[in-house]
Amino acid sequence: MLRLRPYKNTDAETIVQWLEDERTFRFWCADKYSRFPVSDVEMNDYYLARECIYPMTAEDEEGIAGHLTLRYENSELTDIRLGFVIVDPARRGRGYGRELVRLAAKYAFIFMGAEKVGLSVFENNTRAHACYLSAGFRDVTDRVYRPYTYKGEEWYCRNLEMDGDRAGKEGLIT
């Protein structure tokens, strides 16, 4: 069972180790960090320099199991965006990704006053996309992003959202 808590700087030492190769790294952050591998210091500096990002860490009985960020997406503070979603590779296949984004959405709706929670995923990251759909998010088509280029490949984003009504139906809020 996962528990979500505020991120601690010491979490970065573990999280950066999960970024096993550059492709995984770019799925995780696109171009938010300029070089691979990223260090724990660089990760902490990135978060420290951005007051609008709320990093969170998920734990289970074995320790740190996942990580993501939340940030307000609009000036009305009604839309939350999830980012930097990652689960410990040793724990994948246990439903932790699904549980992690559901916990984050619940947190956003209940504690941050969100009316809508969204996230993006590269189309070729099919496992992550399936995970988000299974967590109750739905594809939206009202946003178009320029492609991200990785080693000559063009990666396009899928955007997913969950609104408060859907969150209620999913049992996240009552």
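What you see below is based on every heavy atom in this structure, not just the backbone, and it leaves out hydrogens, waters and symmetry mates.
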| remark: Apart from L48 itself, members of its ILVMFWY cluster (side-chain separation under 4.5 Å) are none

[X] vs [Y] side-chain heavy atoms within contact, under 4.5 Å:
| X | Y | answer |
| --- | --- | --- |
| H129 | L160 | yes |
| Y96 | D60 | yes |
| F84 | Y46 | yes |

Would you kindly say whether [X] and [Y] are connected by a side-chain donor-acceptor distance under 3.5 Å?
| X | Y | result |
| --- | --- | --- |
| D139 | Y132 | no |
| D88 | H67 | no |
| S120 | R81 | yes |
| T24 | D21 | yes |

| W18 reachable from Y47 in the ILVMFWY side-chain graph, under 4.5 Å edges | yes

| Qualifying salt bridge (Lys or Arg N to Asp or Glu O under 4.0 Å) pairs with a residue from residues 27-39, counting only residues at least two apart or across chains | R35-E42

| query | Can you tell me how far the CD1 atom of I64 sits from the CZ atom of R5, to the nearest 0.5 Å? | reply | 5.5 Å

| query | Should we say atom CD of E20 is surrounded by more than 12 heavy atoms from elsewhere, each under 6.0 Å from it? | reply | yes

| field | side-chain hydrogen bond (donor to acceptor under 3.5 Å, both in side chains) partners of residues 105-115, not counting sequence neighbours, each pair once | value | none

